[in-house]
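Proteins get letters first, then strands, A, B, ... in listed order; numbering begins at 1 in each.
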Amino acid sequence: MNAPTPHTVHAAQGKPAAGQPIAFVSAEALRERVHAAVNDDHLRSSFRGAMDFLMAKRAAQFPDESELVSLRSLSEAIRQYSLSKLPDLLEQLEANLTRNGVHVHWAETPDEANAIMLDIARRHQAKLIVKGKSMVSEEIEFNHAMEAAGIGALESDMGEYIVQLAGEKPSHIIMPAIHKTKEQIATLFAEKVPGVDYTDNVDALIQIGRQVLREKFEQAEIGLSGVNFAVAETGTLCLVENEGNGRMCTTVPKVHIAITGIEKVVEKLEHVAPLYSILTRSATGQAVSTYFNLISGPRKADEKDGPQEVHLVLLDNGRSQAYADEQLRKTLQCIRCGACMNHCPVYTRIGGHAYGTTYPGPIGKIVSPHMMGLEQTHLLPTLSTLCGACGEVCPVKIPIPELLVRLRGEAQSAPHANPAMVGQGAGYKPLVSFAWRMWARIYAQPGAYKAFSWLASRFRVFSPSRQSGWTVARTPLKPAPKRLRDMVRERH
Amino acid sequence: MSARDRILAKLRANAPQSPLPVPTSQLDAHYAARKRQESTLDRLARFRTGIESFHADVHVTLEESWPELLARLCAEKGVSSLLYGAATPAGERLDAAAFAAGGTTLRPWAGQVEDIKADLFHKVDAGFTQARGAIAETGTLILWPSPAEPRTLSLVPPIHFVLLDAATIHPTFFDALRAENWAGGLPTNALLISGPSKTADIQQTLAYGAHGPKELIVLVTTREGATQ
């Protein structure tokens with residue numbers, strides 16, 4: 001499942017990630033990956049089982065349809081309201097965090113974000129950073145950037161720890177190691193964790209992870225976390241988690257760095273309540289997560305623990321491009337629950353790694369083009385049946401299928417000035433475009449259509465026997481020997 | 001121009017002329033439609049069902065007898081060292097002799113975390129804190145760590161004992177933060193806790209004691225004299 005030829009935005013910027021599948025694969029590699037994944041029976045059955053399980057768990061959390069309807073509509077309204085005031089809320093968030101003693105940093109690109117965090121790490125002469133779960137840190141290849149500077153960055157979420165140990169990437173945004181069986185994890189631990197014998201007892205495996213990571217929490221100078229919601233009115237960072245590793249990372253080391261996309265801000269603390277409720281239920285079918293942290297500042301003078309410094313890095317990385325367009329802005333409503341991937345027939349069949357992007361599945365197909373540009377991602381929106389399941393389950397009602405159609409259009413239409421997206425027209429082929437234009441013209445004129453269909457039915461023997469991808473698994477398409485109009489005429 | 005200014009300029013250039021209306025009425029309507037008429041004990045029962053489903057143990061007791069219950073539970077669980085905040089109303093009620101009888105040494109938190117980090121990670125069996133309140137809907141404890149009760153008390157020791165007054169249980173998270181005006185002043189770290197630390201990251205199999213406490217034991221005090 002590794003990328004055949006790593007070809008990444010970061011590689012292009014001179015940061016190859018040796019030996020690891022990295023954030024982006026080329027269109028050709030994407031085709032190969034999808035092909036390989038579809039033909040991997042083991043992977044298909046393990047994802048099928050996991051997704052069926054998660055769909056059932058989510059459904060069980062919403063026994064009252066009217067509550068779900070109301071909560072979705074409320075959550076959508078809160079997200080849209082927050083986005084409608086985004087620049088003001090970001091400034092308010094910054095002012096209140098600063099008042100609380102938190103250092104706020106802004107980064108337009110992954111490189112800028114990494115440079116900010118590297119600078120903090122160097123100032124504290126950090127050798128080890130323990131990380132809570134953060135997809136934004138995956139997005140910017142944080143681990144590689146730190147490792148290149150000689151600083152260890154250790155994942156502490158069990159799933160993330162497992163994939164890091166395996167030299168892989170998360171295959172799901174909520175359950176990073178969902179593609180692995182307990183036997184594979186048992187083998188991995190026995191090979192990679194010193195002094196550990198093979199055991200596929202899940203409790204024992206978790207205790208092995210606990211022991212290794214507890215030592216690291218104790219030693220690390222810096223803890224890194226993501227942010228689920230940033231509250232502007234109070235200057236508070238909210239963190240949703242089950243394991244307690246998020247609490248460890250944000251409490252035990254002397255420095256806590258949080259990183260988030262600029263879209264995660266909400267205005268009022270009370271806006272968090274419904275979003276948190278619908279997030280956990282949509283994601284893993286839990287009524288609530290074990291821990292919900294509200295972090296509003298570093299340790300105060302009279303406090304006995306907590307980090308002495310807290311930093312927040314606000315990352316753009318293409319989000320302001322999505323923001324600029326009224327329709328594409330809806331992409332930013334996402335609360336990263338992963339329900340869309342759990343319900344996606346394509347994701348279920350190919351798994352998360354096939355996409356080759358940090359965010360897989362339906363949400364990945366609409367956010368990645370903004371982060372990487374359509375040149376590199378124009379095939380992603382085609383990895384969809386447009387069945388609508390993702391849009392139906394989205395807790396904040398992002399019209400994902402509509403956005404996929406829009407992105408397909410942006411990728412395939414002729415390049416023009418002032419495009420809404422970087423890489424617009426990346427999939428444009430003049431010949432294909434010409435053929436469709438002719439098709440449209442013929443079908444718009446009854447006379448032309450009549451003549452065309454007459455010719456097609458009479459000369460059907462000349463239709464090609466190989467028709468691109470269609471004939472790989474199907475018989476060739478041929479016009480019917482008689483047109484419908486001929487058959488109707490004969491009948492009367 | 002800094003990254004901050006560039007990002008804000010890009011957003012401002014494309015922000016809607018007039019932001020959408022504040023969704024307060026929709027928020028109120030959603031929660032108002034789901035309000036329940038229930039007594040403290042009904043609420044306690046809902047809280048208990050919720051948190052027990054997350055693998056926590058709940059013991060209901062009277063206000064005057066919880067210290068005795070805590071000492072007994074420590075003895076039963078073989079807790080040899082219990083860390084707690086001494087300068088709290090609850091902490092002041094703990095009697096070292098009563099705990100010593102069961103083999104538990106009371107250890108009041110002293111100094112900064114850096115001074116006791118090694119002990120905290122390797123020698124303390126249990127931590128004791130008070131809850132600010134709880135949430136019935138989800139079976140969730142509300143903790144506001146303070147200088148007297150540091151954050152790691154509820155995080156690092158393998159067992160976490162929590163004292164909760166049943167009168168402080170709110171119907172929902174929304175009700176709690178509205179009723180207590182959390183937005184008017186949050187601590188540096190507020191927490192919602194629903195059960196001991198857990199994970200299902202290995203083949204969707206639930207396992208407890210991932211990084212934080214392996215056991216969460218809640219002592220709920222009531223004034224109505226409810227039984228265990």
Side-chain angles (χ1 to χ4, degrees), chain A residues 50 53 70-71 74 77-78 80-81 84-87 90 106-108 112 158-159 175 177 181-182 185 202-203 205-206 210 213-214 218 233-234 236 242-245 247-248 251 262 268-270 273-274 287-288 290-297 299-300 302-306 316 320 323-324, chain B residues 2-4 6-8 10-12 14-16 19-23 26-27 30 33-34 50 54 109 111-113 117 121 138 140 147 150-152 155 172-174 177-178 182-183 186-205 207 209-213:
Chain A
F53 174 73
S70 167
L71 195 54
L74 174 60
I78 291 171
Q80 288 189 344
Y81 168 71
S84 78
K85 289 183 71 173
L86 185 58
L90 285 167
W106 302 69
E108 277 188 294
E112 280 179 22
M158 285 293 178
M175 288 145 294
T181 61
K182 62 181 178 181
I185 295 165
V202 172
D203 283 317
L205 290 168
I206 294 299
R210 174 184 172 102
L213 291 162
R214 279 209 149 207
E218 202 183 333
E233 74 169 335
T234 53
T236 300
N242 280 316
E243 296 184 2
N245 68 309
R247 289 191 65 197
M248 286 281 189
T251 307
I262 49 174
K268 294 183 178 296
L269 188 61
E270 63 186 29
V288 69
T290 303
Y291 299 112
F292 185 69
N293 298 275
L294 296 107
I295 299 162
S296 301
R299 180 190 313 190
K300 285 184 179 162
D302 59 347
E303 287 180 321
K304 311 288 192 303
D305 66 2
D316 180 342
S320 56
Y323 188 77
Chain B
S2 66
R4 175 189 186 276
R6 282 194 298 273
I7 293 170
L8 286 173
K10 277 190 271 183
L11 296 178
R12 284 244 149 74
N14 299 294
L20 295 171
V22 191
Q26 203 175 338
L27 192 66
H30 175 80
R34 284 158 191 84
F54 303 131
W109 182 292
Q112 299 289 304
V113 69
K117 205 168 173 183
F121 272 86
T138 49
T140 301
R151 314 173 194 206
T152 40
L155 173 64
T172 66
F173 176 32
F174 177 77
L177 56 85
R178 263 277 177 93
W182 287 20
L186 279 166
T188 48
N189 183 198
L191 288 161
L192 304 184
I193 299 180
S194 308
S197 149
K198 66 171 183 273
T199 183
D201 269 349
I202 298 181
Q203 220 172 291
Q204 297 102 58
T205 308
H211 299 287

Region of A:I185 that comes under 4.5 Å of a non-hydrogen atom in chain B:
side chain

Checking heavy atoms, do the side chain of B:R178, its backbone, both or neither come under 4.5 Å from chain A?
side chain

Segment of B:F54 engaging chain A (4.5 angstrom heavy-atom cut-off)
side chain

Side chain, backbone, both or neither: which part of A:E243 has a heavy atom under 4.5 Å from chain B?
both

Do any N or O atoms from the side chain of B:Q203 and from the backbone of A:K182 form a donor-acceptor pair under 3.5 angstrom?
yes

When the 4.5 angstrom heavy-atom criterion is applied to A:E270 and chain B, the contacting part is both

Could you look at A:L213 and say if it's the side chain, the backbone, both or neither that has a heavy atom under 4.5 Å from chain B?
side chain

Part of A:L71 lying under 4.5 Å from any heavy atom of chain B:
both

Toward chain B, the part of A:A107 with a non-hydrogen atom under 4.5 Å
backbone

Side-chain heavy-atom pair A:S70, B:R34 within 4.5 angstrom cut-off:
yes

Go through the atoms of B:K198 and report whether side chain, backbone, both or neither lie under 4.5 Å from a heavy atom of chain A.
both

Atom group of B:P213 that falls short of 4.5 Å from chain A, counting heavy atoms
both

Below 4.5 Å, heavy atoms only, C-beta onward: do B:L186 and A:L269 meet side chain to side chain?
yes

Non-hydrogen atoms of chain B under 4.5 Å away: do they reach the side chain of A:T290, the backbone, both or neither?
both

Sequence neighbours excluded, which residues qualify as side-chain hydrogen bond (donor to acceptor under 3.5 Å, both in side chains) partners of B:T152?
A:D305

Determine, stepwise, if the pair A:D316 / B:R6 fulfils salt bridge (charged side-chain N to carboxylate O under 4.0 Å, His left out).
CA-CA 10 Å; A:D316 180 342; B:R6 282 194 298 273; over 6 Å; no

Quick check on B:T205 against chain A: is it the side chain, the backbone, both or neither that has a heavy atom closer than 4.5 Å?
both

Examine whether an atom of B:L27 lies under 4.5 Å from a heavy atom of chain A, and if so say whether it belongs to the side chain, the backbone or both; otherwise answer neither.
both

